[in-house]
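Heads up, the thing below is written out as structure tokens.
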Amino acid sequence: MESFQDLAYNGGTTQQLPPQFIRPSHERPENTKAIEGVTVPVVSLSQPHELLVDQVSKACMEWGFVMVTNHGISATLIQRLKEVGEGFFALPLKAKQAYANDAANGKFEGYGTKMIKNPDEKTEWLDYFFHLAAPPAKVNPQIWPKHPPSYREVTEEYNKEILKLTDKILELLSEGLGLEPNTLKSSLGGEDIEAEMKINHYPPCPQPELALGVEPHTDMCALTLLVPNGVAGLQVWKDGNWVAVDCLPGAILVHVGDQIEVLSNGKYTGVLHRTLVNKERTRMSWAVFIAPPHDKVIGPLPQLVDGDQNPPKYSTKTFADYRYRKINKLPQ
Ligand SMILES: O=C(O)CCC(=O)C(=O)O
Ligand SMILES: [Fe+2]
């Protein structure tokens, strides 16, 4: 069986997509086109606080997704982040494979493609680099890309900024629930909150109408903050349709993940999303997953639950337990 890398990097044996990438008919982009005329919410963070609470929390209740502009992270820093990620993926395959992860044995950090556990599962058309970026005590920069040489400095600087933006968004979302601004952050571990960097890389695909980049999923973390490279492909699920996320230069895309859905007892929605690939251009995206420490116990906030009126809609468990169940497709 040809691997993703054989195909994407060596051209494969044919320009026809091998069977492990061909989605069943009901999943194919050609049969599940995005709805026309609907656009995702965009919020400028330079507005007065009260408006921000309303707009950000409304978007995260109705969509589980919001694009933010005027977020305070400089265009130059985002550009440098993109350059170091592109620099790594421009290395020869062998050089990247020197960083190979081993997800089957619990080594998630490093370079890889998605592990397929079940022979019926289809392969996603992407490779990625994944590593922790916060908190400092858990980060191991030795396993980060050493090329380009500025990878570490740029990524550290970007993650500092992303953590500030995370604090701001978590405050707005807490207030949107009528709670103290620090409620969600402290429920997610306070200063022990984790940030994981995932650089997604989707090379051109010979038959993109039959394949998917990432398949439909919700992120298991609390929030995802993402910047794409200017190539479209992300779609979010809303009211029974896929909605294409247009590229808005400079914007940061915020996804509500499962842990915020659980803490808010379903007031905020973890957004279902997927990515399409294309025939001509390489798409890349830089996702930072914000998550509680693995031993943190997460359940509906007691302030949002009361007896018969608002019973808990989710069980309470450690994030480690949640992850294990999600990765192994077990009921939560
Ligand atoms: O590439 C994207 O825009 C989304 C990637 C994604 O959903 C993920 O890495 O969880
Ligand atoms: Fe995702």
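Just so you know, ligand 1 is whichever comes first in the structure, and atom 1 is the first atom listed for that ligand.
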Measure across H147 and Y99 and return the closest heavy-atom pair with its distance rounded to 0.1 Å. N-OH, 4.1 Å
With side-chain contact (heavy atoms from CB on, under 4.5 Å) as the test, pick out the partner of I199 among F130, Y128, W286, Y111. W286
Without placing hydrogens or testing angles, list every side-chain donor-acceptor pair under 3.5 Å for residues 36-44, not counting sequence neighbours.
unit_1: S44; atom_1: OG; unit_2: S46; atom_2: N; d: 3.3
unit_1: S44; atom_1: OG; unit_2: S46; atom_2: OG; d: 2.9
unit_1: S44; atom_1: OG; unit_2: N70; atom_2: ND2; d: 2.9

Under 2.8 Å from the Fe ion (ligand 2) - does any N, O or S atom of H217 fall there? yes
Compare every heavy atom of Y158 with every heavy atom of M197, then report the nearest pair and how far apart it is. CE-CD2, 4.0 Å
What do you reckon, is NZ of K58 surrounded by more than 12 foreign heavy atoms closer than 6.0 Å? no
Should we count NZ of K146 as having more than 12 external heavy atoms under 6.0 Å? yes
Report each N/O pair between ligand 1 and the protein that falls under 3.5 Å, naming both atoms.
unit_1: ligand 1; atom_1: 1 (O); unit_2: Y202; atom_2: OH; d: 2.6
unit_1: ligand 1; atom_1: 1 (O); unit_2: R283; atom_2: NH1; d: 2.9
unit_1: ligand 1; atom_1: 1 (O); unit_2: S285; atom_2: OG; d: 2.7
unit_1: ligand 1; atom_1: 3 (O); unit_2: R283; atom_2: NH1; d: 3.2
unit_1: ligand 1; atom_1: 3 (O); unit_2: R283; atom_2: NH2; d: 3.0
unit_1: ligand 1; atom_1: 7 (O); unit_2: H217; atom_2: NE2; d: 3.2
unit_1: ligand 1; atom_1: 7 (O); unit_2: H273; atom_2: NE2; d: 2.9
unit_1: ligand 1; atom_1: 9 (O); unit_2: K198; atom_2: NZ; d: 3.0
unit_1: ligand 1; atom_1: 9 (O); unit_2: N200; atom_2: ND2; d: 3.1
unit_1: ligand 1; atom_1: 10 (O); unit_2: H217; atom_2: NE2; d: 3.1
unit_1: ligand 1; atom_1: 10 (O); unit_2: D219; atom_2: OD1; d: 3.2

I'd like the atom name of the N/O/S atom in D219 lying closest to the Fe ion (ligand 2). OD1
Taking all non-hydrogen atoms of both residues, which atom of V84 and which atom of P148 are closest, and how far apart? O-CD, 3.2 Å
